[in-house]
Amino acid sequence: MKPPTHYAPDHIRGITLNQPWAACILHGDKRVENRPRPWAPGWRLLHAAAGTGRAALRDPLVARTVRGRELPVRAVLGVVRITGCHTDPVGAACSPWAWPDCAHLELDDVHALSLPIPCSGQLGPWRVPLAVFEQVLLQLPGLAPRLTEVPS
C-alpha cells in the first residue's frame, strides 16, 4: 500500500510551463504568463514540464534570454508570485511577452533555485508535495516566512 502524500500549505500551488518559457521568467524579464483563463494571485512554485517548445527557441527575444543556459525539465526551478491578471485591449499588448486573446498573469518576486527539484507537474494550479516544498525552503530560507504565511 502506497503511503499518503502530504502537501505544502494549501495557498502554495505549482504552475507548470514548458521550456524555454520557464527560463525566460527565471533569468529574463518575462513578467507576463499567458493562460487561457485567469488565475488567483499568490505564490507559485515554477515548474518546467517535460516538453521544450522548439519553435519558441527561434524567437529572437527568447533566444537572447536563454542563450547559453541549460533548460531543465520535469523539475521545480523557482518561485514566483502572481500579483494580478488582466487581458489587453485589441492591439495594445502590455508586454512583448504577451499573447493576444489570453489572460495575462502578472508576475513578480521571481526567485530561481540553485538546484532543480525533480517533480511531476500538472495542468492548472496543482498541489505541491510537502517534500518538494521543504526542499524549496532549504534553498530559499529568506523567503520562507513569506511562503509559509497564510494570506488573509
So Leu143 and Val136, do their side chains get closer than 4.5 Å, heavy atoms only? no

Could you tell me which non-hydrogen atom of Leu77 sits nearest to which non-hydrogen atom of Pro116, and how far apart they are? CD2-CB, 3.6 Å

When you look at CG of Asp10, are more than 12 heavy atoms from neighbouring residues, nucleotides or ligands closer to it than 6.0 Å? yes

Which value, rounded to the nearest 0.5 Å, describes the distance between Leu57 atom CG and Thr65 atom OG1? 11.0 Å

Verify the cluster assignment for Tyr7 and Val132: are they in a single hydrophobic cluster under the rule of side-chain heavy atoms below 4.5 Å apart? no

If you compare all heavy atoms of His11 against all heavy atoms of Arg44, which two are closest, and at what distance to 0.1 Å? O-NH1, 4.0 Å

Flag side-chain contact, heavy atom, 4.5 Å: Arg31 against Glu106: no

Hphob cluster co-occupancy, Leu147 + Val128, side-chain heavy atoms under 4.5 angstrom: yes

Report whether Leu26 and Leu61 are members of the same hydrophobic cluster (ILVMFWY, side-chain heavy atoms less than 4.5 Å apart, transitive linking). yes

Using the ring-ring contact (aromatic ring centres under 6.0 Å, His included) rule, collect all pairs that involve residues 84-108, keeping only residues at least two apart or in two chains. Trp21-Trp99, His86-His104

Rounded to the nearest 0.5 angstrom, the NE2-CG distance for His6 and Leu130 is 8.0 Å

Arg64 and Pro60, any side-chain heavy atoms less than 4.5 Å apart: yes

Would a hydrophobic clustering, with Ile, Leu, Val, Met, Phe, Trp and Tyr connected at side-chain separations under 4.5 Å, put Leu46 with Ile117? no

With hydrophobic residues grouped by side-chain heavy-atom distances under 4.5 Å, do Leu140 and Ile12 end up in a single group? yes

Looking at side-chain heavy atoms only, is the closest gap between Leu113 and Val76 below 4.5 Å? yes

How long is the span from the CZ atom in Phe133 to the CG atom in Leu45, to the nearest 0.5 Å? 7.0 Å

Which heavy atom in Val62 sits nearest to a heavy atom in Pro20, and how many Å separate them? CG1-CG, 3.4 Å

Under the rule for side chain to side chain contact (heavy atoms under 4.5 Å, CB included), what residues qualify as partners of Arg35, not counting sequence neighbours? Ile15, Leu17, Glu33, Trp39, Leu105

His27 and Val66: CA distance, side-chain angles, deciding distance, side-chain contact (heavy atoms from CB on, under 4.5 Å) verdict: CA-CA 8 Å; His27 306 294; Val66 301; over 6 Å; no

Any sub-3.5 Å donor-acceptor pair from Asn34's side-chain atoms to Ala98's backbone N or O? no

Which of parallel (below 30°), tilted (30 to 60°) and perpendicular (above 60°) describes Trp43 and His111? tilted

Looking at Val32 and Ser95, what are the two nearest heavy atoms and their distance? CG2-CB, 3.9 Å

Using the side chain to side chain contact (heavy atoms under 4.5 Å, CB included) definition, which of the options Ile82, Thr83, Val80 pairs with Asp108? Thr83

For Ala49 against Val73, the heavy-atom pair lying closest together: O-CB, 3.0 Å

Let me confirm one number: the CZ-CG distance from Arg54 to Asn18, rounded to the nearest 0.5 Å. 10.5 Å

Measuring from Thr16:OG1 to Arg74:CZ, what's the distance to the nearest 0.5 Å? 12.5 Å

Look up atom CG in Leu71 and atom CD in Gln19, then write down how far apart they are to the nearest 0.5 Å. 4.5 Å

Considering all heavy atoms, the nearest Ala48-Pro72 contact: CB-O, 3.3 Å

Could you go through the side-chain contact (heavy atoms from CB on, under 4.5 Å) check for Thr5 and Arg127 one step at a time? CA-CA 10 Å; Thr5 302; Arg127 293 194 67 198; over 6 Å; no

